[in-house]
Novice: 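The structure that follows is given in the form of structure tokens.
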Protein chains: 2
Amino acid sequence: MTQKESDPRTAVPMRQRVHDTIRDHIISLDWEPGLRVSEKDVAEQLGVSRSPVREAFIRLSEEGLMEIRPQSGSYVSEISFDKVYESLMLRRALEMAVAAEAAEKRTAFDLVRLNDLVADQVAASEAGDRARFFELDQQFHRALTEIARMPSAVRLIRMIRGAVDRVQRMRISRGESRHVQVIEAHRAIVDAIEARDAAAASAAMDAHLNCVELFAQIIRSPEVREYVTPRAS
Amino acid sequence: MTQKESDPRTAVPMRQRVHDTIRDHIISLDWEPGLRVSEKDVAEQLGVSRSPVREAFIRLSEEGLMEIRPQSGSYVSEISFDKVYESLMLRRALEMAVAAEAAEKRTAFDLVRLNDLVADQVAASEAGDRARFFELDQQFHRALTEIARMPSAVRLIRMIRGAVDRVQRMRISRGESRHVQVIEAHRAIVDAIEARDAAAASAAMDAHLNCVELFAQIIRSPEVREYVTPRAS
DNA sequence: GTTCCTAAATTAGTATGGCAGTTGCACTGT
DNA sequence: ACAGTGCAACTGCCATACTAATTTAGGAAC
């Protein structure tokens, strides 16, 4: 694990860096679901003590990415269809609220920002830059939370995001994409926000994050099926 | 802090008990917003070491009830109107999703359970048992999450609940109540669930947890105004 | 009296040690 | 061959020790 930066203002706690590192391993499926990991081993591997590792484990278990069995062992969580579907629903619900509130609070400046993001997405799509498109998609949703002034919403979304990110990663690496639909959906959301129509913004987000459709796409991926436990809750 | 139980199956981690204890202090305003608390002092006061206290602090800070400033000190979070309003919106969004899903998945058995809960609430209201009514209200919403099979939803709701619970506590101790409206709203939700009408269930929950109205009631309480910082984000 | 600087006290962050519960495996008896 | 049992290694939980950054109090200079 990298040494702490010299500038204390930019210093990020070790437990945070350990958390992010482990999260990457889990999301990228470098650590497969069900894998047993121990505080001690991870601490040694990262060159830190068990305290920050332990705190990272606790946080990851609260995010549903790990499971801690006291006095027994810690494991990478299994992926279940039910959990993925629930996470999709919850994220949609939160993002709908964010979109509605953004429509209420948006300024002229915010509109420019959103339109620029959509334009960049069009450019990234035409350039075939998949990673850039994905990053801009995240920025778009993040921008909405900032416009709506709902910082807690991002915290909550982050809490449930892990479950779907693991399966999403598989699909991205396989090359599936629906850039056109995504861009159209974002345009509809921006239009509703421009009109200050909270209900329309919420509805547009609802359509954008349609659980049933997204879920169907996910479970069709053979890679996903391989990893997901068939019918666990 | 009480000693660990002899039965390991019912043993609850110390950090959990410390967390709950501190949370009670904060919610009940026994520890006022802005109060400085140190890991060391709390550990001595509860008769445990710093480790579980520290882990409880971290979790409480993730719930927005505490604020940890590295190498400096830990404080009970201030209450801000913006945070309370945001929490109300997010909770409504989550509960709407839960209600909609409950309408899809409900069984005949679930209907009996919900109707019984509402009937008990009527009885508690007529008996003037405010605490019991409050408890049944919580049970009602908890039952919905179980019917919808959405365990992550309760985790998320718990994460944001703290902010409103602190101000809610003031209003309850003051004796304000709208039992009739609450019961009517719960009836409407149960009816929609009985009809398996997800949209209606969601709409009924939306009306039940109307942010604007709830927020208006909250900020009218003089006790709340006294504690809440005027215009912080 | 005010300002600035220094040093000591306090804080959370991290490292390490000891403990009790859990697990798995070798051993034993049948 | 197999079921039961006890032991040993391993695990995460909690306690303690140490570190580094921040705050604060006190005194010196003006």
Side-chain angles (χ1 to χ4, degrees), chain A residues 1-22 25-26 31 33-78, chain B residues 1-22 25-26 31 34-77:
Chain A
M1 186 111 291
T2 323
Q3 286 302 310
K4 194 183 291 184
E5 296 89 47
S6 54
D7 189 348
R9 289 167 303 183
T10 63
V12 49
M14 187 63 78
R15 68 163 180 280
Q16 173 87 33
R17 288 191 284 168
V18 172
H19 169 273
D20 293 348
T21 302
I22 297 176
H25 280 133
I26 296 177
W31 292 2
L35 178 70
R36 174 172 183 160
V37 289
S38 86
E39 294 178 355
K40 182 169 163 289
D41 292 349
V42 174
E44 288 175 0
Q45 187 179 335
L46 297 181
V48 298
S49 81
R50 298 186 339 250
S51 301
V53 174
R54 170 177 173 73
E55 286 156 11
F57 275 26
I58 292 174
R59 186 166 159 201
L60 286 161
S61 75
E62 285 168 358
E63 293 175 16
L65 288 176
M66 289 189 63
E67 198 173 316
I68 301 175
R69 287 185 228 167
Q71 262 68 29
S72 168
S74 303
Y75 304 82
V76 176
S77 291
E78 306 279 352
Chain B
M1 187 108 293
T2 326
Q3 287 302 309
K4 193 184 294 185
E5 294 91 46
S6 54
D7 189 348
R9 290 167 304 183
T10 63
V12 49
M14 187 64 77
R15 66 165 180 279
Q16 172 87 34
R17 287 191 284 169
V18 172
H19 169 274
D20 294 347
T21 303
I22 298 176
H25 280 134
I26 296 177
W31 291 2
L35 177 72
R36 173 172 183 160
V37 288
S38 85
E39 294 178 355
K40 182 169 161 289
D41 292 348
V42 174
E44 289 175 359
Q45 187 180 335
L46 297 180
V48 297
S49 82
R50 273 184 52 210
S51 302
V53 173
R54 169 176 175 73
E55 285 155 11
F57 275 26
I58 293 174
R59 185 165 159 201
L60 286 162
S61 74
E62 285 169 357
E63 294 174 14
L65 289 176
M66 290 190 64
E67 200 172 314
I68 302 175
R69 286 184 230 169
Q71 326 298 35
S72 168
S74 302
Y75 304 83
V76 176
S77 291

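Letters go in sequence order (proteins before strands), and every chain restarts at 1.
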Novice: Assign each of A/P52 and A/Y75 to its nearest nucleotide of DNA chain C by heavy atoms, then name whichever residue's nucleotide is nearer the 5' end.
Specialist: A/P52
Novice: Quick check on DNA chain C: between B/R36 and A/P13, whose nearest nucleotide comes earlier from the 5' end?
Specialist: B/R36
Novice: Restricting to non-hydrogen atoms, name the atom on A/S77 and the atom on A/G64 that form the minimum distance, rounded to 0.1 Å.
Specialist: OG-O, 3.1 Å
Novice: Side-chain N or O of A/S74 versus OP1/OP2 of D/dG12: is the shortest distance under 4.0 Å?
Specialist: yes
Novice: Just N and O in the side chain of B/S51: are any of them under 4.0 Å from OP1 or OP2 of D/dC14?
Specialist: no
Novice: If you look at every heavy atom in B/I26 and B/L65, which pair is closest and at what distance?
Specialist: CD1-O, 3.9 Å
Novice: Please state whether the phosphate of C/dT22, meaning OP1 or OP2, lies under 4.0 angstrom from any side-chain nitrogen or oxygen of A/S72.
Specialist: no
Novice: Which pair of non-hydrogen atoms, one from B/V53 and one from B/E39, has the smallest distance, and what is that distance?
Specialist: CG1-O, 3.8 Å
Novice: With the side chain of A/Q71 defined as its heavy atoms from C-beta on, choose the nearest nucleotide among C/dA20, D/dA15, C/dT14.
Specialist: C/dA20
Novice: Look at the side chain of B/S49 and decide which nucleotide, out of D/dC14, D/dT11, C/dG17, has an atom nearest to it.
Specialist: D/dC14
Novice: Rounded to whole Å, how long is the line connecting atom CE of A/M14 with atom C1' of D/dC18?
Specialist: 16 Å
Novice: Taking only the side-chain heavy atoms of A/I68 (C-beta and beyond), determine which of D/dT24, C/dA15, D/dG12 contains the nearest atom.
Specialist: D/dG12
Novice: Could you pull out the closest heavy-atom pair between A/F57 and A/V42, with the gap in Å?
Specialist: CZ-CG2, 4.0 Å
Novice: Given D/dC14, D/dT11, C/dA12, identify the nucleotide with an atom nearest to the side chain of A/R50.
Specialist: D/dC14
